[in-house]
Amino acid sequence: MSVYLLRRLVALLPVLAVVGLVGFSLVHLAPGDPAATLVGDDASEEVLQQMRERLGLDRPLGAQFFTWVGNAITGNLGTSLYTGRQVLPSIVSRLEPTLMLTAMSLVVALLNGVVAGAASAIYRNTVLDQAVLVVSLFAAAMPSFWLGINLILLFSVTLRLFPVAGYVPLSQGLLGTVHSLMLPALALGLSQAAIITRMTRTTMLEVLGLDFVRTAKAKGLRQRSVIFRHALRNALVSIVTVVGVAVTVLLSGSIVVESVFGLPGLGRMMIEAVQRRDYPVIQGMLVFVAGVNVIVNLVVDILYVFIDPRIEYV
């Protein structure tokens with residue numbers, strides 16, 4: 001296992017290198033000039049050129065890229081063109097709202113998806129099964145931002161149960177944080193809950209039809225034991241795979257939801273950086289998100305070993 005982990009961590013480097021190259025190329029090929037954004041539209045060409053020189057944007061793209069890579073290797077992802085702050089500390093300062101939103105959305109997706117999918121498989125071809133399939137279809141089709149707006153109208157504006165926008169830091173209490181993130185977590189998590197529901201249902205139906213489940217029933221084991229100790233446990237490998245994908249989707253999907261609910265997280269930071277043509281922030285965010293995705297996939301692979309002892313990595 002240790003050799004496998006080391007090999008995966010080493011493989012992280014070329015992934016980040018490719019992401020950095022692609023992100024750098026796309027950012028600089030996009031229309032817009034950060035210097036013009038900073039000095040304004042009424043600035044003279046001389047002032048504009050001076051700003052480009054001060055920001056280092058007058059240098060060839062190849063030189064800019066290798067300078068950025070050399071700094072990134074040492075942990076320096078650059079300095080924001082707009083705020084003048086280091087990119088990595090800025091990301092860390094915005095990390096808490098995004099991580100809390102992702103965690104709560106994952107809890108929403110897991111609780112609703114696994115329970116609904118298992119119930120749908122157990123009571124196959126019943127009214128409950130059909131209702132779960134219809135609801136999951138609608139949940140998967142609804143855009144998270146549209147659902148978020150409707151949740152605000154219902155629970156914030158009409159019922160006044162949750163705040164319209166804003167975030168309560170963990171330093172002010174966990175209950176306040178959960179209360180402020182409940183609606184965005186629902187908006188973000190329900191679509192992934194629909195996917196987990198369908199995967200859980202499909203996998204459970206396959207496992208429930210296997211010989212060892214029929215043998216367990218023939219031995220007189222209680223239905224609860226057959227479902228949770230035998231069927232659901234053997235279906236976890238497929239479910240964990242979908243959950244790993246859901247984490248990356250939730251992390252990237254928070255960009256839109258954070259804007260709808262006014263959360264000061266990484267998603268809002270990315271949108272602001274794109275609007276300002278803040279190249280270092282955009283590039284740093286892309287590398288950071290890519291690294292998180294690779295680490296999530298690595299954690300999923302490790303969980304396979306604990307779920308199914310037959311799986312070994314060499």
**OP:** Evaluate the side-chain proximity of Asn76 to Leu88: yes if any heavy-atom separation is below 4.5 Å, no if none is.
**Re:** no
Original post:
Are Glu272 and Arg94 close enough for a salt bridge, meaning some N to O gap below 4.0 Å?
Top reply: yes
Subject >> Nearest-0.5 Å distance that lies between atom OG in Ser90 and atom CG in Leu266 >> reply: 10.5 Å
**OP:** Find out if a path of hydrophobic residues (ILVMFWY) with successive side-chain heavy-atom gaps under 4.5 Å connects Val249 to Ile239.
**Re:** no
Original post:
If you look at every heavy atom in Val300 and Val240, which pair is closest and at what distance?
Top reply: CG1-CG1, 3.8 Å
Original post:
Are Thr67 and Arg59 linked by a side-chain donor-acceptor pair shorter than 3.5 Å?
Top reply: yes
Original post:
Can you name the nearest heavy-atom pair linking Val260 to Gly148, along with the distance?
Top reply: CG1-C, 4.5 Å
Original post:
What pair of heavy atoms forms the shortest contact from Val87 to Thr79, and how long is it?
Top reply: CG2-N, 4.0 Å
Subject >> Test item: side-chain donor near acceptor, Thr248 and Asn293, under 3.5 Å >> reply: no
Original post:
With a cut-off of 6.0 Å (strictly less than), are more than 12 heavy atoms of other residues, nucleotides or ligands near CG of Leu175?
Top reply: no
Subject >> Met285 to Ile91 - nearest heavy-atom pair and separation >> reply: SD-CG1, 4.0 Å
**OP:** Provide the closest heavy-atom pair for Ser105 versus Pro184 in the form atom of the first, atom of the second, distance.
**Re:** OG-O, 4.3 Å
**OP:** Decide yes or no on side-chain contact (heavy atoms from CB on, under 4.5 Å) for Trp68 and Val287, but give the supporting numbers first.
**Re:** CA-CA 12 Å; Trp68 178 76; Val287 172; 3.6 Å; yes
Original post:
Do Tyr167 and Glu258 get their side chains close enough for a donor-acceptor pair, meaning under 3.5 Å?
Top reply: no
Original post:
Step by step, would you call Phe24 with Val69 a side-chain contact (heavy atoms from CB on, under 4.5 Å)?
Top reply: CA-CA 10 Å; Phe24 184 90; Val69 170; over 6 Å; no
Original post:
How close do Leu186 and Val108 get, heavy atom to heavy atom, and via which atoms?
Top reply: CD2-CG1, 4.0 Å
Subject >> Min side-chain heavy-atom separation Met182-Met104 under 4.5 Å >> reply: yes
Original post:
Does the Ser144 side chain pair with the main chain of Leu188, one donor and one acceptor, at a distance under 3.5 Å?
Top reply: no
Original post:
Are Val92 and Phe288 connected, step by step, through hydrophobic side chains (Ile, Leu, Val, Met, Phe, Trp, Tyr) whose heavy atoms are closer than 4.5 Å?
Top reply: no
**OP:** Hey, can you tell me if Phe162 and Phe155 have their rings parallel, tilted or perpendicular (30° and 60° cut-offs)?
**Re:** perpendicular
Original post:
Is there a chain of hydrophobic side chains (I, L, V, M, F, W, Y, each step under 4.5 Å between heavy atoms) that links Leu26 to Phe66?
Top reply: no
Subject >> Interatomic spacing from OG in Ser191 to CG in Leu250 - rounded to 0.5 Å >> reply: 7.0 Å
